[in-house]
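Taking it in order: structure first as structure tokens, then the write-up.
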Amino acid sequence: MPKVHINRVSEHSIEFSERLSYFGIATSLIIYLTKVIHQDLKTAARSVNYWAGVTTLMPLFGGFIADAYLGRFFTVLCSTIVYLLGLILLTMSWFVPSLRACEGDVCAEPRKAHEVAFFLAIYLISIGTGGHKPSLESFGADQFDDDHPQERKNKMSFFNWWNSGLCSGLLLGVTVIVYVQDHVNWGIADIILTVVMASSLLIFIIGRPYYRYRMPSGSPLTPMLQVLVAAISKRKLPHPSNPADLYEVPNSQKAQGRLLCHTKKLKFLDRAAIVEEKENSFEKQDPWRLATVTKVEEMKLVLNMIPIWLATLPFGICVAQAATFFIKQGVIMNRNIGGFLIPPASIYSLAAIGMITSVIIYEKILVPILRKATGNERGIKILQRIGIGMLFSIATMIVAALVEKKRLGAVKKDPVNGSLSMSVFWLAPQFLIIGAGDGFALVGLQEYFYDQVPDSMRSLGIAFYLSVIGAANFLSSLLITLVDHITEKGGKSWFGKDLNSSRLDNFYWLLAIMTMANLLLFVFVAKRYSYKNVQSLAVANYNEDDHDAAGSMA
């Protein structure tokens, strides 16, 4: 078997296991918290959002450690071991008598020891995910050579097929694992997840001789701080009329990474690369006094990402609803099909199907057509892809609001069996649409943050993408609290003790309006964005756009 195929098998194996475990836990978490831990709907939704937020913000720390010190392979190895420990503790919390929720099968109130063990276990999984997610995905992309035209082209498809692969883990997580949780017990499901993760860790270790490695290059924050200090110290110097007068090392002397072209934005930072009369450009320079054009441009790349990151948060808030309120709606609707009772969390599998379908259509049909039409290697620019995904999220919230309005109408007519008169498959459109949107926006965000960060920060790049979802989960919790407080003052809260006494349809309309307004802001920012421009002989033509051209949503 070719080396690159062995790499992909071992990496996809461990990613499959992680997604199987994560979605097996995440999609049923709100059900566990309300049924076993006995939290009310608002508290359970906030608990899920906090956990999901921590889980998707922890990669910022894990990505930094991977890029600066441990390297991606060892970060994946260590974090997977922590993840495995979390799964073992989760299993113990069900089977060890002193850690069980209670003696019987039904608990009026769980033991404190069980709550402590359960939350410690899922937050150990959060820590494991923090190192695993940014490092493994960037480690997988590292197996492709940017200076090799065919491998560079294959890398553009990598994130599409990577997400299709992880959707396989998601599908099994929300069907097989959730079925075991619902029809056998939670403990058996935890055993399955633990065994699968342990097996994948073994496969990953066996593949070690076949990987391509990139050594950690120290803290990626230090060069950015050096650029800032140098720019401030030279703030009174006149800006050179010719950018060629700015300091840059020759390509042949570049130790690692690639040289970047100069751009006209954030000109203040260019002063860090001005060579003063007392400085000899042929001698080794103090990096706190003189920075290369590439270091300056890397600083600009990171600063330019901040508006994009902020503009994608409302999309992340919409995504957060699928694992909380969407699932909880499925609990009280008719899930009986021919005598078979569908586990409520299994409806989430439709989101995975929507995502896989949209990725395949995009990769196999749209990209070849768009490449010919636009001349862009990707078919369309990355930010255009993300913008299309945002349109899907708006459609999701509109459909979700209409479906919930219909369900509440049925409850009003028949308070006892109103919800049961509607099939759970009324929720199918909103899951399929959000899944299709993920195929554009989430995959686009992964590719954007990996590709547009400095080469030395690629694990952090994946962490930036995950932090969008993490921050959005916290914002979702904050928004729920804020809306609950405001509407309660107005007479009746939109978030009651249960769904039938809530007005989720109004909340969904609010999200749709917020996301529409935000899309206009995103288009404004995207049109003014300048993509990374690499200065390299081998990839002279590899530019997202011309030297100083801006990204366009049009």
Side-chain angles (χ1 to χ4, degrees), residues 8 11-12 15 19 56 59 63 67 72 133-146 149-167 258 301-302 304-305 307-309 311-312 315-316 319 355-356 358-364 366-368 370-371 374 376-393 435-455 457-469 522 525-526 529-534 539 542-545 551-553:
R8 290 177 188 172
E11 290 154 10
H12 278 73
E15 177 66 7
R19 291 293 87 183
T56 42
D67 285 338
R72 287 157 197 166
K133 280 298 291 179
S135 307
L136 185 64
E137 197 163 341
S138 55
F139 186 62
D142 285 347
Q143 306 308 306
F144 300 89
D145 186 355
D146 283 318
Q150 186 56 44
E151 288 201 28
R152 187 178 71 250
K153 197 171 181 180
N154 289 341
K155 186 192 245 184
M156 292 176 189
S157 298
F158 168 76
F159 292 101
N160 291 327
W161 297 118
W162 179 270
N163 281 278
S164 295
L166 70 83
C167 277
R258 299 170 292 172
L301 283 174
V302 174
N304 283 332
M305 282 181 173
I308 299 294
W309 187 90
T312 54
F315 165 77
V319 171
M355 185 176 185
I356 292 171
S358 69
V359 165
I360 291 172
I361 291 172
Y362 179 78
E363 178 69 22
K364 292 298 183 183
L366 294 179
V367 168
L370 291 168
R371 274 177 181 161
T374 65
N376 189 306
E377 280 186 304
R378 287 188 169 88
I380 56 175
K381 296 185 179 78
I382 306 174
L383 294 181
Q384 289 175 324
R385 181 175 185 173
I386 295 169
I388 292 169
M390 289 182 176
L391 285 172
F392 277 92
S393 69
D438 288 350
F440 284 91
L442 284 186
V443 179
L445 282 168
Q446 289 175 27
E447 192 173 358
Y448 168 76
F449 283 112
Y450 177 87
D451 187 72
Q452 294 298 302
V453 293
D455 290 355
M457 293 176 63
R458 282 180 159 169
S459 293
L460 266 174
I462 298 297
F464 291 152
Y465 140 69
L466 292 165
S467 70
V468 169
I469 307 302
F522 179 81
V525 172
Y529 182 80
S530 293
Y531 289 94
K532 181 195 284 189
N533 203 322
V534 179
V539 287
Y542 177 47
N543 296 319
E544 280 284 351
D545 219 328
S552 171
M553 286 296 295

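Every heavy atom of this structure was used, including side-chain atoms; hydrogens, water molecules and symmetry mates were not. Numbers for residues simply follow the sequence, beginning at 1. In this text, all values refer to a predicted model and were calculated from it rather than measured experimentally.
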- prompt: Are any non-hydrogen side-chain atoms of Ile380 and Val367 less than 4.5 angstrom apart?
  reply: no
field: Minimum heavy-atom distance Ile462-Gln446, with the two atoms named
entry: CD1-O, 4.0 Å
message: Measuring only between side-chain heavy atoms, which start at C-beta, is Asp438 closer than 4.5 Å to Phe392?
response: no
message: Quick one: does any side-chain atom of Lys532 pair with a main-chain N or O of Asp451 as donor and acceptor, under 3.5 Å?
response: yes
field: Val302 vs Met457 side-chain heavy atoms within contact, under 4.5 Å
entry: yes
- prompt: Of all heavy-atom pairs between Leu301 and Pro454, which one has the smallest distance, and what is that distance?
  reply: CD1-N, 4.4 Å
- prompt: Have Tyr448 and Tyr531 got a donor and an acceptor in their side chains that come within less than 3.5 Å?
  reply: no
- request: May I have the step-by-step check of side-chain contact (heavy atoms from CB on, under 4.5 Å) for Val525 and Ile308, ending in yes or no?
  value: CA-CA 7 Å; Val525 172; Ile308 299 294; 3.5 Å; yes
- prompt: Is the Phe449 ring parallel, tilted or perpendicular to the Phe464 ring (thresholds 30°, 60°)?
  reply: perpendicular
query: Within 45° of the axis and under 6.0 Å from the centre of the six-membered ring of Tyr362, does NZ or CZ of Arg385 qualify?
result: yes
query: Can you list the residues that meet the side-chain hydrogen bond (donor to acceptor under 3.5 Å, both in side chains) rule with Ser467, with sequence neighbours excluded?
result: Trp309
field: Shortest non-hydrogen contact from Gly444 toward Ile382
entry: O-CG2, 3.2 Å
Point-to-point distance, once rounded to the nearest 0.5 Å, from CG of Leu466 to CG of Leu445: 10.0 Å
query: Quick one: OH on Tyr529 to CE on Met305, what's the gap to the nearest 0.5 Å?
result: 5.0 Å
- line: For Thr312 and Phe522 the tightest heavy-atom approach is CG2-CE1, 4.1 Å
- prompt: Short question: side chain of Thr374, backbone of Gly379 - any donor-acceptor pair under 3.5 Å?
  reply: yes
task: Would you give the length of the straight line joining atom CG of Leu366 to atom CZ of Phe440, rounded to the nearest 0.5 angstrom?
output: 6.0 Å
statement: Smallest heavy-atom separation, Gly63 atom then Pro134 atom, equals N-CG, 3.8 Å
field: Side chain to side chain, Ile469 and Leu442, heavy atoms closer than 4.5 Å
entry: yes
- prompt: What are the two closest non-hydrogen atoms of Gly435 and Ser358, and how far apart are they?
  reply: O-OG, 4.1 Å
